[in-house]
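Shown next, in structure tokens, is the structure this report addresses.
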Amino acid sequence: MIEIRDLHFQYETEQPVLRGLDLEIREGEWLALIGANGSGKSTLARQLNGLLLPNSGTVCVDGLRTDREEELWKIRSQVAFVFQNPDNQLIATSVEDDIAFALENLGFPPEEITGRVEQALSEMNLTGLRAKAPHLLSGGEKQRVAIAGALAMASKYLVLDEPTSMLDPSMRRSVLESLQQLHEKHGLSIIYITNIMEETLLADRILVLDEGRILRDETPAALFADCRWLRAKQLDIPQVSRLAELLLEQGYEQFRGVLSPETLMEIVCK
């Protein structure tokens, strides 16, 4: 479990970005983080594996504290981070070397590195690209390589900061499908920052941040049933939720809480 207690943080020349956050992220859950630009989403994400450290308060990962330098390597092996732009973290000359890079730095035995890399290549559908230079890959393929690196490390938590914002719809679906498979197969905890509301429907919980504070911490069904509040906060609403809202306004209560086009069509066809 990741436990955050009374977390405060600000950059040197700015107003506080995080203001007294308390949060628990359970093993095996999918947590989506949303909020307007400047709400503190990316800053919070970087606190989870010690890329940033609290000004006050604590961040603990399975009992290890990010403000203890001697515990940071272990924390970062458990909490992997995928950036918005994958070019910021792909550094090797081939896909398989990039996936193996962190394992080699941590001194894993060569035979174990080989096994882990092979498994990660297979699970992320990258086997045919193993010898290719990362800079020659598509955006979606690059993100899958970054995720494969986390899989090879056997990380328990995967933090993704708007990983599909630079991808076309097809590549976006491919990355999300890969994440769903990893989440279901390995019980990987996913902390997912996005401004694309349809992506949050995959989450177990959605956290809404505003000026460094948590405004809502709810299931997708509960949050997107409150379209009026979302509009007041200038947050987008998934298309299926907007349609369900219109149907509810016409008295069709059976559409309350609908979160997928498939469920909506099932109700229509009954």
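Keep in mind it's a predicted model, so treat the numbers as computed, not measured.
Among Val159, Ile193, Leu209, the one residue that satisfies the side chain to side chain contact (heavy atoms under 4.5 Å, CB included) test with Leu44 is Leu209. For the side chain to side chain contact (heavy atoms under 4.5 Å, CB included) with Met197, the qualifying choice from Leu223, Ile237, Leu230, Ile34 is Ile34, the only one to do so.
The minimum heavy-atom distance between Ala120 and Leu151, with the atom names listed, is CA-CD2, 3.9 Å.
Applying the side-chain contact (heavy atoms from CB on, under 4.5 Å) rule to Met171 yields the partners Ser138, Leu167, Asp168; only residues at least two apart in sequence or on another chain are considered. Considering only residues two or more places apart in sequence or on other chains, Arg68 meets the side-chain contact (heavy atoms from CB on, under 4.5 Å) condition with Arg65, Glu70, Glu71. Listed by chain and residue number, Leu7, Gln47, Val59, Thr66 satisfy the side-chain contact (heavy atoms from CB on, under 4.5 Å) test with Pro54 (two or more places apart in sequence, or in another chain).
The backbone N or O of Ala92 lies less than 3.5 Å from a partner atom in the side chain of Asp98, making a donor-acceptor pair. Under the 3.5 Å distance criterion, the side-chain polar atoms of His8 are left unmatched by any main-chain donor or acceptor of Arg19. For Gln143 (side chain) and Gly140 (main-chain N/O), no donor-acceptor pair under 3.5 Å exists by modelled atom type. A donor-acceptor pair under 3.5 Å is formed between the side chain of Ser189 and the backbone N or O of Gly28. Between the Arg213 side chain and the Leu21 main chain, no donor and acceptor come within less than 3.5 Å of each other. Between the side chain of Arg205 and the main chain of Trp30, no donor-acceptor pair closer than 3.5 Å is present. Side-chain N or O atoms of Gln89 include one that pairs as donor or acceptor with a backbone N or O of Phe83 at under 3.5 Å. A donor-acceptor pair under 3.5 Å links the side-chain atoms of Asp22 to the main chain of Asp6, judged by distance alone. The main-chain N or O of Ser170 is never found under 3.5 Å from a side-chain atom of Ser174 such that the two would form a donor-acceptor pair. No donor-acceptor pair under 3.5 Å is formed between the side chain of Thr43 and the backbone N or O of Gly40.
In this structure, Ile4 and Glu24 have side chains that are not in contact, with every pair of non-hydrogen atoms separated by 4.5 Å or more.
In summary, the side chains of Tyr192 and Glu199 do present a donor paired with an acceptor at a separation below 3.5 Å, with no hydrogens or angles considered.
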